[in-house]
Visitor: 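Okay, here's the structure, questions in a sec.
Proteins come first, then strands; the chains are lettered A, B, ... in the order of their sequence lines, and each starts at number 1. Predicted model only: the values in this text are computed from it and were never measured.
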Number of protein chains: 2
Amino acid sequence: MPIKKGEKYIQILDAAVKEFAENGYHRTQVARIAKEAGVADGTIYLYFESKEDILVSLFTEKMGDFVDKLKQKLANVNGFREELRTLITHHLEVLGANPAQAMVTQIELRQIDPWINQGISGPLKSYFKVIEEVIRSGQDEGLVCKSLDVRLARKMLFGALDEVVTCWVMTDKKYELVSLADPIFEILESAFCKNK
Amino acid sequence: MPIKKGEKYIQILDAAVKEFAENGYHRTQVARIAKEAGVADGTIYLYFESKEDILVSLFTEKMGDFVDKLKQKLANVNGFREELRTLITHHLEVLGANPAQAMVTQIELRQIDPWINQGISGPLKSYFKVIEEVIRSGQDEGLVCKSLDVRLARKMLFGALDEVVTCWVMTDKKYELVSLADPIFEILESAFCKNK
DNA sequence: CAGTTATGAATGACCATTCACTCTTATATC
DNA sequence: GATATAAGAGTGAATGGTCATTCATAACTG
């Protein structure tokens, strides 16, 4: 029964993001995380069940935040177009501002492991739900074709954003990720909206 | 200097796809691959440098094929719309027909490892080039806005397809992947084409 | 019988996890 | 207020299991 909170908990999590981003999940030893966090190896196991648990906690922690903040922003905005723009911008802003975190969520988390996926699917699904709601609201407004398969559209939208972020992470991050928000918005808008 | 060809080479590769798809790269032992392939553990090292080398070879081998076949199909087709449709269909058809391979390329390959990425980037880049050429041909035809950022469009197109395949792989593969070709085509076409 | 190909038991490196111990802080007793 | 007792948090060296890889040996082949 690890204590999933407190100062050390955060320290370890932060150290883990850094190490995972730098060396990849499988290549970073727990001992390295401990060193980076300034705690003893054993201390980690007071806060986490296992190495995998660190990875999962990392994701759920960050993803929970991500979705919460997005929902707040969406509440202050009206109409499908602005919602879509907000969604895209948020995605790029947050990941653009946290390259290490982006690295972890984009790459390290992708390894299939029934256990890891279980831990991840919750928060990720809630993000998917938000995306689908935005698209559906576009349909209600009459801007998006009613016959559009919302699920499929969500997958494509998410996939598109995801790949853009992945490319950015994998290269040297020379450009500002957010600067792509506008062109992406243009493309996705015309993808979903009926031709006027 | 492993011999990168021959019957056993293929056998090992096939066994590896199966095992990686089933258990994931890190969870499959070389010994399992050997057993599945019907060869001795040591034999693997006559054909491959290392376990990683198996993964990379797998990808380059399959991806080379993938791009070659796609190019052939594209040569027999005229006009941006049909090219785009061909591209999408090919992507879904090939991965839909080889779930295990899809699993490996979609998931297992994503783990960052400078070495692995190096091995992968070649064949993947050649696929990207094909995609970009198709989009550019659409611009030449006047169907796609000249101001569209081809690179960005490629990333989004690839990401969209990729995510659709990933979702399919992760679930129980209940539906035919190719059946999504039409709706995806509709969406991507209107994403890129000027409103008529 | 030389050369090539294949074998699989043995090796050794690696690293997540544990646990016997220390250090700190809080509470109780006189 | 001084001392004793207990609990919790933290430590890091030692453990043990897991494989990738090697290599001495065998089995083909021409």
Visitor: What is the distance from CZ of B:F20 to C1' of D:dA20, rounded to the nearest Å?
Guide: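 Value for this atom pair: 12 Å.
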Visitor: Take atom OH of B:Y9 and atom P of C:dT5, then tell me their distance rounded to the nearest Å.
Guide: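 After rounding, the reported distance stands at 16 Å.
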Visitor: Could you check A:V30 against B:K8 and say which one's nearest nucleotide on DNA chain C is further toward the 5' end?
Guide: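 Looking at DNA chain C, the more 5' nearest nucleotide goes with B:K8.
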Visitor: Give the nucleotide from the list C:dT17, D:dC19, C:dT7 with an atom nearest to the side chain of A:S50.
Guide: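 Nearest to the side-chain atoms of A:S50, counting from C-beta on, is C:dT17.
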Visitor: Quick check: closest heavy atoms across B:I3 and B:Y9, and the distance to 0.1 Å?
Guide: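 For B:I3 versus B:Y9, the nearest heavy atoms are O-CD1, 4.1 Å.
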Visitor: When the distance from NZ of B:K51 to P of D:dT22 is rounded to whole Å, what number comes out?
Guide: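 That distance rounds to 15 Å.
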Visitor: How many Å lie between CG on B:D53 and P on D:dT21, as a whole number?
Guide: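 It works out to 10 Å between those atoms.
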Visitor: Using a strict cut-off of less than 4.0 Å between a Lys/Arg side-chain nitrogen and an Asp/Glu carboxylate oxygen, indicate whether A:D182 and A:R85 qualify as a salt bridge.
Guide: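 Yes, A:D182 and A:R85 are salt-bridged.
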Visitor: When the distance from NE2 of B:H26 to C1' of D:dT18 is rounded to whole Å, what number comes out?
Guide: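 Atom NE2 in B:H26 sits about 15 Å away from atom C1' in D:dT18.
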Visitor: Strictly below 4.0 Å: does B:Y45 bring a side-chain N or O up to OP1 or OP2 of D:dC23?
Guide: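 No.
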Visitor: Side chains of A:V39 and A:Q11, heavy atoms from C-beta outward: is any pair under 4.5 Å?
Guide: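 The answer is yes; the side chains approach within 4.5 Å.
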Visitor: Within this structure, what is the CG-to-P distance between B:D41 and C:dA9, rounded to whole angstrom?
Guide: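 After rounding, the gap between these two atoms is 9 Å.
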Visitor: Roughly, in whole Å, what's the span from CG in A:L46 to P in D:dA9?
Guide: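 Rounded to the whole Å, the gap is 8 Å.
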Visitor: So does A:Y47 get a side-chain nitrogen or oxygen closer than 4.0 Å to the phosphate oxygens (OP1/OP2) of D:dA9?
Guide: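 No, because none of the side-chain N or O atoms of A:Y47 sits under 4.0 Å from OP1 or OP2 of D:dA9.
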Visitor: Whole Å only: how far is the CD1 atom of A:I44 from the P atom of D:dG10?
Guide: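 Those two atoms, CD1 and P, are 12 Å apart.
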Visitor: May I ask you to say what B:F48 touches in the nucleic acid, namely base, sugar-phosphate or nothing, with a heavy-atom cut-off under 4.0 Å?
Guide: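 Since no nucleic acid heavy atom lies under 4.0 Å of B:F48, the category is nothing.
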Visitor: Do A:M156 and B:E163 touch side chain to side chain, with heavy atoms closer than 4.5 Å?
Guide: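 Heavy-atom side-chain distance check fails, nothing below 4.5 Å.
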